[in-house]
Amino acid sequence: MSAQVRGGTAKKARKRSASEHGTTLNSAFQQVRDLIVHGRLSPGAWIVEAELTGKLGMSRTPVRGALQWLQREGYVIEQRSRSKSKMIVAPLTQEDASELYSIVGHLEGLAGRQSVALPKDQRNALVGKMRAINQRLDRIARTRDLGEESIFDLDTEFHRIIVEASAGPRLTLLHSGIKPQTERYWRLYASNIIDKLEVSVREHEAIIRAIRKGDADAAEKALILNWVRGSERLARVIQAHGERGSW
């Protein structure tokens, strides 16, 4: 085998190794994030790296990289003492929720503004989907009967279709990076918000109306307001039931 061939083979092997590492790291990140978002790693819980590698069936390298990535995105934090430091799942606090909801609201406000610029047939199709989802939420609000529905899933879908219909790649990336953090609050506290669901339904109606009319300013304002008011409702629930993992 010539030196040139050997060099090419080695180069391909290095590229394959780097690609596999990247895939494994991404998989570790997604899996650990899902454990946190779905509450299987509780707020404030101490993360033991060895236990996590066993749970995921991965080596320590991608798991350690995933934890560093999650730390940068705010899902985990490092707690230091004089003798040691440890990683814990970020607590759920009123202050954190307020900041997260404000960020997501402004990102979705931009998406709402862009949705007004969609061709009329696409905008009408989007409005039809939003209205159908909101009608299902309205039924739950009026009857207090979930049936086979999930408030969390319906509300998530309502906001998701706005972003998917109109956001560009940069806005989509920013939104997908931060939105799952709000899910931690929704999943833990959503059952306590059903009494105020009709208020959220009315806020959704304002969003639908603004997009249908092609009013960019009103669409942006209505989306931001929905998240701000959602943060206020959540704050009252957190005050009543307590923050999680904060001490």
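What you see below is based on every heavy atom in this structure, not just the backbone, and it leaves out hydrogens, waters and symmetry mates. This one's a predicted model, so the numbers in the text were calculated from it and none came from an experiment.
Taken from CZ in Arg184 to CZ in Arg244, the straight-line distance is 11.5 Å, to the nearest 0.5 Å. Rounding to the nearest 0.5 Å gives a distance of 4.0 Å between CD1 of Ile77 and CD1 of Ile88. Distance CZ/Arg72 to CG/Leu70: 9.0 Å, rounded to 0.5 Å. If you take CD on Glu243 and CD on Gln94, they are separated by 6.5 Å, rounding to the nearest 0.5 Å. Here the straight-line distance linking atom OH of Tyr75 with atom CG of Leu67 works out to 13.5 Å at 0.5 Å rounding. To the nearest 0.5 Å, atoms CD (Glu73) and CD (Gln181) are separated by 7.0 Å.
In this structure, Ser115 contributes its side chain and Gly112 its backbone to a donor-acceptor pair below 3.5 Å. Remark: the backbone N or O of Glu203 is not paired with any side-chain donor or acceptor of Arg229 at under 3.5 angstrom. Between the side chain of Thr53 and the main chain of Arg60, no donor-acceptor pair closer than 3.5 Å is present.
Tracing side-chain contacts under 4.5 Å through hydrophobic residues (I, L, V, M, F, W, Y), one never reaches Trp227 starting from Val163; they form parts of separate clusters. Placement of Val201 and Ile161 within a single hydrophobic cluster is found when ILVMFWY residues are connected by side-chain heavy-atom separations under 4.5 Å, directly or transitively.
Within the structure, every pair that satisfies the salt bridge (Lys or Arg N to Asp or Glu O under 4.0 Å) test and touches residues 131-141, not counting sequence neighbours, is listed here: Arg136-Glu149, Asp138-Arg142. Under the salt bridge (Lys or Arg N to Asp or Glu O under 4.0 Å) criterion, the residue pairs touching residues 156-170 are Glu157-Arg160, Arg160-Glu164, with sequence neighbours excluded.
Listed by chain and number, the hydrophobic cluster partners of Val228 are Ile224, where partners are ILVMFWY side chains within reach of under 4.5 Å, directly or through others.
Residues Ile238 and Ala97 share a closest heavy-atom pair of CD1-CB, 4.4 Å. Nearest approach of Arg233 to Ser200, heavy atoms of both residues: NH2-CB, 3.9 Å. Looking at every heavy atom in both residues, Gly74 comes nearest to Ala90 through O-CB, 3.4 Å. Nearest approach of Leu56 to Val63, heavy atoms of both residues: CD1-CG2, 4.1 Å. Heavy atoms only, all atoms of each residue included: Gly168 and Gln114 are closest at N-OE1, 3.8 Å. The minimum heavy-atom distance between Ala222 and Ile207, with the atom names listed, is CB-CG1, 3.6 Å.
The ring-ring contact (aromatic ring centres under 6.0 Å, His included) search around Phe158 returns His204, not counting sequence neighbours.
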List, one per line, each side-chain donor-acceptor pair under 3.5 Å for residues 98-105, sequence neighbours excluded.
none

Show me the donor-acceptor pairs, under 3.5 Å and distance only, between side chains in residues 32-47 and residues at least two apart or in other chains.
residue, atom, partner, partner atom, Å
Arg33, NH2, Gln30, OE1, 3.3
His38, ND1, Asp34, O, 2.9
His38, NE2, Arg187, NH2, 3.4

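Annotation for Glu232: atom CD counts as buried by contact number, over 12 foreign heavy atoms lying within 6.0 Å. The 12-atom threshold is exceeded at NZ of Lys179, counting heavy atoms of other residues, nucleotides or ligands nearer than 6.0 Å.
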Checklist entry - Would Ile151 and Trp186 count as a side chain to side chain contact (heavy atoms under 4.5 Å, CB included) if you check the C-alpha gap in whole Å, the side-chain angles of each, and the deciding distance to 0.1 Å? => result CA-CA 10 Å; Ile151 297 173; Trp186 249 111; 3.7 Å; yes

